[in-house]
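Chain naming here is simple, since letters A, B, ... match the order of the sequence lines and numbering starts at 1 in each.
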Amino acid sequence: MNSNEQISITLEGKDTQVDSNSTGFTLFSEKTIVALRVNGELKDLAHTVSEADVVEGVSIESVDGLSILRHSTAHVLAQAVQNINPEAKLGIGPPIKDGFYYDFDVEKPFTPEDLKALEKEMDRIVRSGQRFLRRVTNEVAASEELRNEPYKLELIGLKSGTDIGEAAAEVGSGELTIYDNYDVKADEVVWKDLCRGPHLPNTRMIGNGFALTRLAAAYWRGNENNKQLQRIYGTAWPSKEQLKEHQVYLEEAAKRDHRRLGAELDLFSFPEEIGSGLAVFHPRGGIIRKVMEDYSRDRHAQSGYEFVYSPHVTKANLFQTSGHLEWYADGMFPPLQLDEERDEEGNIKKQAQDYYLKPMNCPFHCLIYKSQARSYRDLPLRMFEFGTVYRYEKSGVLHGITRARGFTQDDAHLYVARESIEVELSNVLTFVLDLLRDYGLTDFYLELSTKEEGNPKFVGSPEIWEEATATLERVATDSGLKLVPDPGGAAFYGPKISVQAKDAIGRTWQMSTIQLDFNLPERFDLEYTAPDGSKQRPVMIHRALFGSIERFFGVLTEHYAGHFPPWLAPVQVVGVPVADEFSDYLHGIASELKAAGVRIQIDDSDERMQKKIRNHTLAKVPFMLIAGAEDQAQGAVSFRFRDGSQTNGVPRQEAIGRILKDISEKVQV
RNA sequence: GCCGACCUGGCGCAAUUGGUAGCGCAUCGCACUUGUAAUGCGAGGGUUAGGGGUUCGAGUCCCCUGGUCGGCCCCA
């Protein structure tokens, strides 16, 4: 092609004349531009643009740029692994949030020491300045070239198929390509990988902002029937400073870990004697939980909910009726067999009965509904229960109090007439969001979980699903919050909206769920008499606000980093006398606060006051009241707050007023 | 459930190549009585998660069970 020939392209939004052989290298001189977006598609910097292309530079700091950086770092990791162990077979190695991973099939799993050696080797590769060169190939040639890489061969074979999931990073759609790592000094290709790209132009651009973080096993192509490969996780950033920042963030997250804070603040524990995933709440955790529950109860009462209670075990037939035994027996504790009787010969006289620990409360609520004939005048019927359920979670998934085997749902089931679903749903959503805000979460988005076509797990007719999904979607959209689709995420009996909340350090947690259910009313044959005398079937809305109290407790612990706002704090105020003689004075103030319901303690121990202040600071007590001669003389008291700041000489009544106000207004201090 | 790592007094940690368990905090006692993050001295507390094995000898090596952690799969 003639290099002088000019073509016109749209470069960074501007019509521009460029040489017909222009590439990203010639169009961009900034070193931060690591790839191109050509007509919306990501391309290597080496890509040659064509007439009428819309071309933008992709900065390494952008979302796409970071993914490219991480993807290239994953390649360097794989090269390092194969340099050290040529027998290692390659799985896949995509970028993920904050980093990347690469899966390998190796004889012996990696050890933490291996990681150090691998980082060193990666560093060498990065410094050697290899180029990433894209090469188009075809299935036959690639299969021959990669004959020693069984997993890559499988991916080549799958390319024509549809569902390749994360492997899309390897083969993707369109042409089949291999990336060669070309060592300039040695003038040879030192490594290669089947990959869709794009990549950084040169390994040197990876710099020193990467680190290998953890080791794990992962099923090949995410299927537990497949072989487990050894996965290495890493993180990569444009600079060492950004890597450091990320590491600091991880430390901050570790400090907030509810499992750690739960032990440090004496909130709850998981005694081995009880069994995995089963917690006990200590007094300090207990009072937080009680306050959370009490407030929730009050709000439910104000909003027209009625309180019900149900047992923790039930005969099997209830869960046969509900469908749980048919669909979710795996997630339930195995049954207790009771009441069997045998004669002298050991023959069964009376068949044993299976009793199950309940995994959900809804079937019980349906029985309450059925306990009498219902009229349209009864609807909507809103039943609320703090219902403790037990689910046999696989041992490997348990995670403190956020993923346990026994937990208490703040569960409500609303039985509504079909025509009032939409109104009721939007009321529920408003109620849920308001309440979450009161607990201190304010940043939300919604997720709409729908059924996956063709999956037999989802019961009920397609028309009903369609109607339910459409209704939920309307309500979600009307809320004005961002709505994210979650295909395949629905419960087996119906679609749901879930409220995702962002915490103080930007992590999102799934909180409340609101599910529509046309199925259970059918299974339990629920009905009500309509104004015209006809029998109608109600629709159920399942709604958990905290999800589970334990989980919500854990989330709040992490959100507040243990610094619970005064209304939730286990001990709201601690009085520290400067010397013993001022203790009585503080006790006087304390009894007034106690009378007003405040959780206050006076530290009369014989520690020095500095030590007391340290202790209560570490215990994250929101208010410390300090009193000595000066305060006593003026009828005042001195505040010390968790951040170390202080307000001295506050008149007694003013101090009391301040504390009561902060508690009742649920503010953070 | 699967893969890997780990389990030492209430908590956090130590114990050269297997040689007979130490420290800090906390607890208890005594002294000190102090104005905003650790007063001093002393005492008690562990059959090293449980069980089995190898060995003259096991916290250290091997096996089983339980639990924890990081992932995978899952999450009604």
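Annotation: cation-pi pair A:R405/A:Y392 present, NZ/CZ under 6.0 Å from the ring centroid and within 45° of its normal.
With B:G67, B:A76, B:U36 as the choices, the nucleotide that has an atom nearest any side-chain atom of A:I613 turns out to be B:U36. Closest to the A:M332 side chain, of the nucleotides B:A37, B:A76, B:G1, is B:A76. When distances run from any side-chain atom of A:R640 to the nucleotides B:U68, B:A37, B:G71, the shortest one goes to B:A37. Each of B:A38, B:U36, B:G71 was ranked by its minimum atom distance to the side chain of A:K611; first place goes to B:A38. The listed nucleotides are B:G35, B:U34, B:G1; the one nearest the side chain of A:N648 is B:G35. Across B:G35, B:A76, B:C3, the shortest atom-to-atom separation from the side chain of A:M609 is found for B:G35.
Side-chain atoms of A:Q610 and base atoms of B:U36 include no donor and acceptor less than 3.5 Å apart. Remark: the A:Y219 side chain and the B:G1 base include a donor-acceptor N/O pair separated by less than 3.5 Å. Judged by distance alone, with hydrogens and angles left aside, A:R403 brings a side-chain donor or acceptor within reach of the base of B:C74, the pair sitting under 3.5 Å. Side-chain to base pairing of A:K394 with B:C73: one donor and one acceptor N or O lie within less than 3.5 Å of each other. Side-chain atoms of A:E393 stay outside donor-acceptor range of the base of B:C75, with no qualifying N/O pair under 3.5 Å. With hydrogens and angles ignored, no donor-acceptor pair under 3.5 angstrom links the side chain of A:R214 to the base of B:A5. Judged by distance alone with a 3.5 Å cut-off, a donor-acceptor contact links the side chain of A:S638 to the base of B:G35.
Taking the P atoms as reference points, B:U17 lies 25 Å from B:G4, given to the whole Å. As rounded to the nearest Å, B:G18 and B:G53 have C1' atoms that lie 15 Å from one another. As rounded to the nearest Å, B:G10 and B:G1 have C1' atoms that lie 33 Å from one another. Comparing B:A21 with B:U39, their P atoms sit 33 Å apart, to the nearest whole Å. For B:C56 and B:G9, the P atoms lie 30 Å apart once the distance is rounded to whole Å. Here, B:U20 and B:U48 have their C1' atoms 12 Å apart, quoted to the whole Å. Taking atom P on both nucleotides, B:C73 is separated from B:U55 by 45 Å, rounded to a whole Å. With P as the reference atom, B:A37 and B:C41 are 22 Å apart, rounded to whole Å.
Whole-Å rounding puts the A:L586 CG to B:U36 P distance at 16 Å. Spacing between atom CG of A:L267 and atom P of B:C11 amounts to 15 Å, rounded to whole angstrom units. Rounded to whole Å, the distance from CD on A:E224 to C1' on B:C73 is 5 Å. A:N615 places its CG atom 8 Å from the C1' atom of B:A38, with the value rounded to the nearest Å. One atom, CD of A:Q409, and another, P of B:C75, lie 16 Å apart when rounded to the nearest Å. In this structure, A:E607 atom CD and B:G40 atom C1' are separated by 12 Å, rounded to whole Å. Regarding A:F100, its CZ atom lies at a distance of 15 Å from the P atom of B:G71, rounded to whole Å. One can place CG of A:L618 at 14 Å from P of B:C25, the figure rounded to the nearest angstrom.
A:A216 comes within 4.0 angstrom of a base, heavy atoms only. Among the heavy atoms of the strands, none lies under 4.0 Å from A:L229. A:P359 comes within 4.0 angstrom of a nucleotide base, judged by non-hydrogen atoms across all strands. In this structure, A:R259 reaches the sugar-phosphate backbone alone: every heavy-atom distance under 4.0 Å involves primed, P, OP1 or OP2 atoms, never a base. Counting non-hydrogen atoms under 4.0 angstrom, A:G222 reaches the backbone sugars and phosphates but no base. A:F110 comes within 4.0 angstrom of no nucleic acid atom, judged by non-hydrogen atoms across all strands. Within 4.0 Å (heavy atoms only), A:N223 reaches no atom of the nucleic acid at all. Here A:E630 lies in heavy-atom contact (under 4.0 Å) with a base. Nucleic acid contact class of A:Q230 (heavy atoms, under 4.0 Å, all strands): sugar-phosphate only. If you check every strand for non-hydrogen atoms under 4.0 Å, A:D606 touches a base. Residue-level contact check: A:A629 touches the bases, meaning some heavy atom is under 4.0 Å from a base atom.
Checking B:U36 for Watson-Crick or G-U wobble geometry (two distances, each under 3.5 Å) identifies no partner in any strand. The partner of B:C69, taking Watson-Crick or G-U wobble pairs whose two distances both stay under 3.5 Å, is B:G4. With a cut-off of 3.5 Å on both pairing distances, the Watson-Crick or G-U wobble partner of B:C61 is B:G53. Base pairing annotation: B:U16 forms no Watson-Crick or G-U wobble pair, as no partner gives both donor-acceptor distances under 3.5 Å. Pair assignment for B:U27 gives B:A43, based on Watson-Crick or G-U wobble hydrogen-bonding distances that are each under 3.5 Å.
With hydrogens and angles left out, the side-chain atoms of A:E607 and A:N615 include no donor and acceptor closer than 3.5 Å. When only modelled atom types and interatomic distance are considered, A:K358 and A:S310 share a side-chain donor-acceptor pair under 3.5 Å.
Of the options A:T647, A:T617, A:V574, a side chain to side chain contact (heavy atoms under 4.5 Å, CB included) to A:R640 is made by A:T617 and by none of the others.
Counting non-hydrogen atoms of neighbouring residues, nucleotides and ligands closer than 6.0 angstrom, the CD atom of A:Q634 exceeds 12 such neighbours.
Listed pair A:S276 / B:U68 meets the phosphate criterion, a side-chain N or O lying under 4.0 Å from OP1 or OP2. In terms of phosphate contacts, A:Y233 brings a side-chain nitrogen or oxygen within less than 4.0 Å of OP1 or OP2 of B:C72.
Taking the six-membered ring for Trp and thresholds of 30 and 60 degrees, A:Y415 and A:H413 have ring planes inclined between 30 and 60 degrees apart. A tilted orientation is assigned to the rings of A:Y390 and A:H312, their planes being inclined by 30° to 60°.
Heavy-atom minimum distance, A:F639 versus A:A655: CE1-CB, 3.6 Å.
Using a 4.0 Å cut-off between charged side-chain N and carboxylate O, A:E154 and A:K227 make no salt bridge. A salt bridge links A:R256 with A:E252: at least one charged nitrogen is closer than 4.0 Å to a carboxylate oxygen.
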